[in-house]
Student: 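One structure, pasted below without further comment.
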Amino acid sequence: MLKIPHVSVIGAGLAGCEVAFQLANANIPVLLYEMKPHKYSPAHISNNFSELVCSNSLRSNSLNSAIGLLHEELRALGSLCLHSAYTNRVPAGDALAVDRENFSKTITNTIKKHPNITVINEEITQIPMENIVVIATGPLTTEGLSNSIIELIGEKSLNFFDAIAPIVHKDSIDFSKAWWQSRYNKTGNDYINCGLTEEEYNTFYNALITADSIDAKNWEQDIPFFEGCLPIEVMANRGKQTLLFGCMKPVGLLNPHTQEQPFAALQLRQDNNYGTLYNIVGFQTRLKYAEQKKVLRLIPALKNAEFAKLGSIHKNTFINSPRVLNGNLSLKNNSNIFFAGQITGCEGYCESIAMGFLCALFIKQQIFKATFTLPKISALHAILNHVINSENSNFQPSNINFGLFPNLDLSNSVVANSKKIPKKVKREKICELALQNLVILQEDLLNKKLITKQPTT
Ligand SMILES: Cc1cc2nc3c(=O)[nH]c(=O)nc-3n(C[C@H](O)[C@H](O)[C@H](O)COP(=O)(O)OP(=O)(O)OC[C@H]3O[C@@H](n4cnc5c(N)ncnc54)[C@H](O)[C@@H]3O)c2cc1C
């Protein structure tokens with residue numbers, strides 16, 4: 001009989017519990033390290049595992065949404081956290097919201113009574129170097145362990161800031177006002193440019209400097225902003241001209257719709273491999289979400305912009321996964337060390353659960369020498385692909401969204417003759433294909449004993 005070495009999982013958050021449970025169910029012994037209740041991060045307060053530190057919602061449960069698809073995939077493949085979410089669901093329209101206390105308790109009890117899991121309440125500051133190790137300590141990983149990770153991956157530092165500019169769905173930009181051009185036509189037409197007249201800039205500027213920002217949490221107030229990544233509203237407050245010499249400078253741009261240089265302009269840069277999402281260059285912001293939408297939609301080409309993600313700046317520890325991880329979430333320079341959860345560069349509760357689930361699947365694959373392939377049209381593939389294959393020079397965390405899915409070839413579809421295939425149709429097709437793929441994946445993983453049917457809690 002195969003003698004299976006234990007796996008050490010560090011962090012009993014959403015990802016750590018999912019990894020531990022999935023491995024333990026496959027008869028792999030797990031040592032699960034959690035620093036609570038001896039030490040708490042600034043955002044954690046409960047003794048239970050898998051604590052939801054902020055909202056109690058796992059977002060939309062609609063099968064027409066990317067996040068709803070992720071819920072369904074995780075549920076169908078036997079995720080412990082999703083099982084607990086449905087068991088402890090509270091009414092919230094089409095959102096999957098939970099009684100947070102009972103959600104965490106269900107998971108904690110399941111983990112603690114599992115015969116293959118040993119819980120050790122201890123802060124890890126040095127990564128254990130025996131057998132397989134999973135680091136799932138989340139966005140608020142303690143300093144000691146962060147330093148140990150830095151030493152191991154050989155990067156100058158982990159990314160300690162989530163400096164995020166809003167990300168826009170390309171097909172919501174008005175190209176009768178926007179245009180493609182690189183500044184001074186230097187490097188092809190890679191950027192989408194949105195011009196403003198002086199009057200439009202004045203309106204935009206006044207709205208920006210009077211908009212409400214999110215209050216920094218007490219523990220965030222000590223974090224210095226990097227001068228190179230100041231929130232746009234902070235820069236704007238230095239004077240009306242500042243943005244015109246910074247991220248809204250018009251020089252080197254010519255608006256083909258007016259044949260003039262605009263008074264001000266912002267640029268959007270491709271954000272994903274598929275070219276469906278574009279981030280607004282230099283527009284990191286901590287304005288309240290509703291204010292961001294209001295202010296940015298004052299830019300004529302963005303009047304109807306749809307945002308895949310809004311801007312934020314908060315402390316976040318994540319590694320540069322595309323640079324340091326293999327496709328199975330193990331380290332390129334030590335294939336026995338895996339990463340799971342938000343520390344890999346996904347963002348959100350459900351995404352972190354997904355990265356825990358996938359990490360366990362890859363470890364089982366390694367131990368049992370069984371192979372599987374994630375379908376390209378699936379939410380699990382979409383979030384994994386973001387983490388592993390994004391452009392690594394400015395890697396930033398992301399929620400799941402349709403922009404992370406591949407472009408569909410709908411040339412044979414009934415809608416192919418229409419001039420432009422509506423976004424809604426494309427998204428419905430993605431969901432339809434993903435659900436078909438899920439049935440095949442589920443059967444394959446069950447046959448190979450890489451998953452069990454449903455968790456019992
Ligand atoms: C302030 C804040 C608010 C957020 N709000 C939301 C929200 O509303 N919705 C949403 O979808 N996402 C939100 N997120 C993102 C959310 O944290 C993650 O999506 C999710 O909790 C991450 O899961 P995880 O398992 O990777 O990490 P966590 O859930 O944070 O779990 C990490 C675990 O590791 C433990 N740990 C840390 N360091 C050590 C160590 N050295 N040794 C041992 N144990 C350790 C921690 O105590 C914790 O239990 C928020 C994040 C933050 C920081």
Student: Could you tell me if N131 and N336 have a donor-acceptor pair between their side chains, going purely by distance under 3.5 Å?
Tutor: no
Student: Would you say T285 and E233 are linked by a side-chain donor-acceptor pair, where the criterion is simply a distance under 3.5 Å?
Tutor: yes
Student: Assign the ring pair F204 / F283 to parallel, tilted or perpendicular, where the plane angle (0 to 90°) is split at 30° and 60°.
Tutor: tilted
Student: I'd like to know if the side chain of S213 reaches the main chain of L287, judged simply by a donor and an acceptor atom lying under 3.5 Å from each other, with no hydrogens or angles considered.
Tutor: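 Side chain of S213 to backbone of L287: no pair is present.
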Student: Quick check: closest heavy atoms across V119 and K112, and the distance to 0.1 Å?
Tutor: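 Nearest heavy atoms, V119 then K112: CG2-CG, 4.5 Å.
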Student: Testing the 3.5 Å rule here: is there a donor-acceptor pair between the side chains of S84 and N88?
Tutor: yes
Student: Who pairs with C431 by side-chain contact (heavy atoms from CB on, under 4.5 Å), at least two apart in sequence or on another chain?
Tutor: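 Residues passing side-chain contact (heavy atoms from CB on, under 4.5 Å) with C431: L69, F402.
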Student: Show your working on side chain to side chain donor-acceptor pair (under 3.5 Å) between H381 and N437 and close with a plain yes or no.
Tutor: CA-CA 11 Å; H381 182 275; N437 290 339; over 6 Å; no
Student: Determine whether a donor-acceptor pair (N or O, by modelled atom type, separation under 3.5 Å) exists between the side chain of Q284 and the backbone of I232.
Tutor: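 Absent.
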Student: Between T276 and D171, is any side-chain donor less than 3.5 angstrom from a side-chain acceptor?
Tutor: no
Student: F362 vs F357, test: ring pair (Phe, Tyr, Trp, His ring centres under 6.0 Å). Steps then yes/no.
Tutor: CA-CA 9 Å; F362 289 130; F357 181 86; 9.9 Å; no
Student: Will you find, in the side chains of H169 and N401, an N or O donor that is under 3.5 Å from an N or O acceptor?
Tutor: no
Student: Determine, for F405 and K376, whether the Lys NZ or Arg CZ falls below 6.0 Å from the six-membered ring centre while staying within 45 degrees of the axis.
Tutor: no
Student: Please give me the minimum heavy-atom distance between A434 and E73, naming the atom from each residue.
Tutor: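 Looking at all heavy atoms of both residues, the shortest contact is CB-OE2, 4.1 Å.
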Student: Using modelled atom types and a 3.5 Å cut-off, is there a donor and acceptor pairing between side-chain atoms of E291 and backbone atoms of D212?
Tutor: yes
Student: If you look at every heavy atom in P397 and C346, which pair is closest and at what distance?
Tutor: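 Of all heavy-atom pairs spanning P397 and C346, the closest is CB-O, 3.9 Å.
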Student: Might you point out which heavy atoms bring N116 and A24 nearest each other, and give the distance in Å?
Tutor: ND2-O, 2.8 Å
Student: Name the one of I363, L384, V134 that satisfies side-chain contact (heavy atoms from CB on, under 4.5 Å) with L329?
Tutor: L384
Student: Do you know which of L32, V19, V133, L31 makes side-chain contact (heavy atoms from CB on, under 4.5 Å) with I10?
Tutor: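 Passing option: V133.
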Student: Look at the side chain of N326 and the backbone N and O of L331, then say whether any donor-acceptor pair between them is shorter than 3.5 Å.
Tutor: yes
Student: Kindly check if the number of other-residue, nucleotide or ligand heavy atoms within 6.0 Å of NZ (K294) is above 12?
Tutor: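 Count not over threshold, so no.
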Student: Keeping E351 on the side-chain end and I400 on the backbone end, is there a donor-acceptor pair under 3.5 Å?
Tutor: yes
Student: Is it the case that over 12 heavy atoms from other parts of the model lie below 6.0 angstrom from the OH atom of Y40?
Tutor: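 Above 12, so yes.
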Student: Give a yes or no answer on whether the side chain of S172 reaches the backbone of E306 with a donor-acceptor pair at less than 3.5 Å.
Tutor: yes
Student: Can a donor-acceptor pair be found, under 3.5 Å and without considering hydrogens, that links the side chain of S352 to the backbone of G348?
Tutor: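 Looks like yes, one N/O pair under 3.5 Å.
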Student: Would you say that more than 12 heavy atoms from the other residues, nucleotides or ligands in this model lie under 6.0 Å from the NZ of K240, or not?
Tutor: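 Enclosed: over 12 neighbouring heavy atoms sit under 6.0 Å from NZ of K240.
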Student: In plain terms, say whether E34 and K39 are close enough for a salt bridge, that is, a side-chain N and a carboxylate O under 4.0 Å apart.
Tutor: no
Student: Locate the shortest heavy-atom distance separating K36 from N121; write the atom from each residue and the value.
Tutor: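 Minimum heavy-atom separation between K36 and N121: O-ND2, 2.8 Å.
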Student: With salt bridge (Lys or Arg N to Asp or Glu O under 4.0 Å) as the test, would you mind laying out the steps for R323 and E391 before giving the verdict?
Tutor: CA-CA 9 Å; R323 190 172 6 227; E391 169 62 45; over 6 Å; no
Student: Heavy atoms only: give me the nearest S104-L52 pair and the separation to one decimal.
Tutor: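 Taking every non-hydrogen atom into account, OG-N, 4.4 Å.
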Student: Is E51 salt-bridged to R100, going by a charged N under 4.0 Å from an acidic O?
Tutor: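 Looking at E51 and R100, the cut-off is not met.
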Student: Judged by atom type as modelled, is there a donor-acceptor pair below 3.5 Å linking the side chain of S60 to the main-chain atoms of G68?
Tutor: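 No, the answer is negative, given that no donor and acceptor are paired below the 3.5 Å cut-off.
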Student: Quick check: Y349 with F103 (ring centres under 6.0 Å apart)?
Tutor: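 Ring-ring flag for F103/Y349: false, centres at least 6.0 Å apart.
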Student: Donor-acceptor pair, distance only, cut-off 3.5 Å: does the side chain of H386 make one with the backbone of N399?
Tutor: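 No.
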